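Just so it is clear, the values below take in all heavy atoms, side chains as well, and ignore hydrogens, waters and symmetry mates. None of these values were measured; they are calculated from a predicted model. The first residue of the sequence shown is numbered 1, and numbering continues consecutively from there.
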Amino acid sequence: MADVTYLSLMLGVGLTFLASLCCIYAALVLLSPPPIDALPSEKKYRSATSPKTPQDLPDIRTTPTANVDLSIVIPAFNEVPRLPSMLDSTIKHLSKPAYKSRSREIVIVDDGSSDQTTDTALNLAEKYKSWDIRVITLETNIGKGGAVRHGMLYSRGRRLLMVDADGASRFEDLEVLWKEMDRIAPNDEPAVVVGSRAHLVKTEVVVKRSVLRNMAMYALHLTLRLVGVGHINDTQCGFKLFTREAARAIFPIQHLKGWIFDVEIILLAKQLQIPVAEVPINWSEIPESKLRLMRDSLFMFRDLLILRANQLTGRWTVPKKLKAQ
């Protein structure tokens, strides 16, 4: 009788455990973001030469050869106030004699803005008509990570720079990233260089932040070490340079669309054995940040859990073909 009771108990525990695993897996499936698929209209761009008639965009997945030296990808959500000054500083730097020979394009991705971001971008394209400024408009707001991914997938550069529209990073520091890329990828093999604000941690730039914001920053850094990207001190800086081969390997298999997408990018690079270098850059706190501290911090931690859970369960994997390359 005792044996039967024991077996019944063990069976009940086993079934409860199995049911719990099924519930957790079902929750993971429901909480995981769906595949990011571009709509037909989002595979086209407008520019100063074609402001009314959208033109087809090249797809990096089917176009291995670059047509320009540098693509600058700018995700923009409700950026009417800040985009003009940011673009002005970008063009001012690239117009210097030392860099004029570098062919380039500027890809502005309007992430479903509710203001006139697309119109502002097209007006700027007209203002700087001699520059190749392409404006892509996403039909709905999908998040910064999704906008960056979209811009990267439809860019033509030999090297591709993602940069925030708020102007927090000094654009002149592109040359610091460029020099480091020359060092680690002299033949433009797969590589990533990330701008870092880690050297500013004990300076007034960070010290003057609110206590809550700094606590969230340290908690995030601790979590990132547990996730597996502790080798990079600053994953969240919006100033990163990719070779075309690195972009072709990483961005098609990116899943996260929100603020924490940078972590997935660096983790994918690590899994693909793509070298990632980190270099210090200048940076300044910009008022009216789009980041809502409490809400977005919770979303970021949720997305980190979803990222690791999907990778550990094998739902999100790096294709073996890419690993071999």
Side-chain angles (χ1 to χ4, degrees), residues 37-142 144 146-167 171 174 178 188 241-244 247-248 251:
D37 295 320
L39 298 171
S41 65
E42 297 171 344
K43 298 178 183 179
K44 297 179 182 292
Y45 73 95
R46 288 185 284 164
S47 64
T49 57
S50 184
K52 301 294 184 183
T53 307
Q55 304 295 309
D56 291 333
L57 286 160
D59 191 323
I60 198 171
R61 290 164 289 196
T62 57
T63 313
T65 305
N67 293 324
V68 294
D69 292 322
L70 174 66
S71 291
I72 301 159
V73 175
I74 307 172
F77 176 67
N78 292 345
E79 291 292 358
V80 168
R82 303 192 289 193
L83 189 58
S85 59
M86 181 270 167
L87 201 59
D88 180 66
S89 65
T90 298
I91 289 174
K92 189 176 294 183
H93 172 72
L94 294 175
S95 297
K96 294 176 181 177
Y99 315 118
K100 269 193 170 183
S101 62
R102 187 187 292 163
S103 58
R104 64 265 159 172
E105 67 174 353
I106 298 174
V107 180
I108 301 172
V109 184
D110 179 352
D111 184 22
S113 298
S114 58
D115 66 0
Q116 304 301 311
T117 292
T118 287
D119 292 339
T120 299
L122 287 170
N123 289 337
L124 290 168
E126 179 64 29
K127 177 182 177 180
Y128 302 108
K129 203 165 187 174
S130 62
W131 291 72
D132 187 359
I133 299 177
R134 300 181 167 202
V135 182
I136 305 170
T137 305
L138 304 184
E139 293 193 12
T140 58
N141 174 238
I142 62 173
K144 179 185 174 183
V148 169
R149 177 184 184 271
H150 193 88
M152 290 285 175
L153 292 180
Y154 294 100
S155 291
R156 301 175 295 148
R158 175 170 62 90
R159 292 179 178 178
L160 302 91
L161 176 75
M162 59 164 275
V163 56
D164 290 343
D166 61 6
F171 198 83
L174 165 64
W178 196 275
D188 285 321
L241 185 66
F242 303 80
T243 61
R244 188 172 187 82
R248 292 185 74 227
F251 287 100

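How far OG1 of Thr140 is from CG of Asp111: 7.5 Å, rounded to the nearest 0.5 Å. In this structure, OG in Ser47 is found 11.5 Å from CD1 in Ile136, a value given to the nearest 0.5 Å. The distance from atom CZ of Arg104 to atom OG of Ser155, rounded to the nearest 0.5 Å, is 15.5 Å. In this structure, OG1 on Thr117 lies 8.5 Å from CZ on Phe77, to the nearest 0.5 angstrom. How far CG of Leu161 is from CE of Met152: 7.0 Å, rounded to the nearest 0.5 Å. Rounding to the nearest 0.5 angstrom, the gap separating the CD atom in Gln116 from the CG atom in Asp110 is 9.5 Å.
A side-chain donor-acceptor contact under 3.5 Å links Arg248 to the backbone of Ile60.
Nearest heavy-atom pair across Tyr128 and Asp88 is OH-OD1, 3.1 Å. Across Thr120 and Pro84, no two heavy atoms sit closer than the pair CG2-CG, 4.2 Å. Closest approach of Val148 and Pro75 over heavy atoms only: CG2-CG, 3.6 Å. Considering all non-hydrogen atoms of both residues, Ile74 and Ala165 come closest at CG2-CB, 3.7 Å.
Counting heavy atoms from C-beta outward, Glu126 and Pro51 have side chains that stay 4.5 Å or more apart. At a threshold of 4.5 Å between non-hydrogen side-chain atoms, the residues Arg156 and Asp132 count as touching. Residues Val163 and Met86 meet the side-chain proximity criterion, which asks for heavy atoms closer than 4.5 Å. Considering only heavy atoms from C-beta on, Arg149 stays 4.5 Å or farther from Tyr154 through its side chain. Taking the side chain as every heavy atom from C-beta outward, Arg244 and Leu160 approach each other to under 4.5 Å. Within the 4.5 Å cutoff, side-chain heavy atoms of Ile72 are placed close to those of Phe171. No side-chain heavy atom of Ile108 sits under 4.5 Å from any side-chain heavy atom of Glu79.
With sequence neighbours left out, the side-chain contact (heavy atoms from CB on, under 4.5 Å) criterion links Thr53 to Ser50, Gln55. The side chain to side chain donor-acceptor pair (under 3.5 Å) search around Glu42 returns none, not counting sequence neighbours.
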- Hey, mind stepping through Arg102 and Arg159 against side-chain contact (heavy atoms from CB on, under 4.5 Å) and telling me if it holds? CA-CA 11 Å; Arg102 187 187 292 163; Arg159 292 179 178 178; over 6 Å; no
- Would Ser114 and Asn78 satisfy side-chain contact (heavy atoms from CB on, under 4.5 Å), going step by step from the backbone distance to the final call? CA-CA 6 Å; Ser114 58; Asn78 292 345; 3.3 Å; yes
- Under the side-chain contact (heavy atoms from CB on, under 4.5 Å) criterion, do Lys43 and Asp59 qualify, and how do the steps go? CA-CA 8 Å; Lys43 298 178 183 179; Asp59 191 323; over 6 Å; no
- Give the intermediate values and the outcome of side-chain contact (heavy atoms from CB on, under 4.5 Å) for residues Leu153 and Leu57. CA-CA 9 Å; Leu153 292 180; Leu57 286 160; over 6 Å; no
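In summary, of the residues considered (Met162, Arg158, Glu105), a side-chain contact (heavy atoms from CB on, under 4.5 Å) with Ser71 occurs for Glu105 alone.
In this structure, Phe251 has its ring center closer than 6.0 angstrom to the ring center of Phe242.
Contacts classified as side-chain hydrogen bond (donor to acceptor under 3.5 Å, both in side chains) and involving residues 90-100 (residues at least two apart or in different chains) are given here: His93-Glu175.
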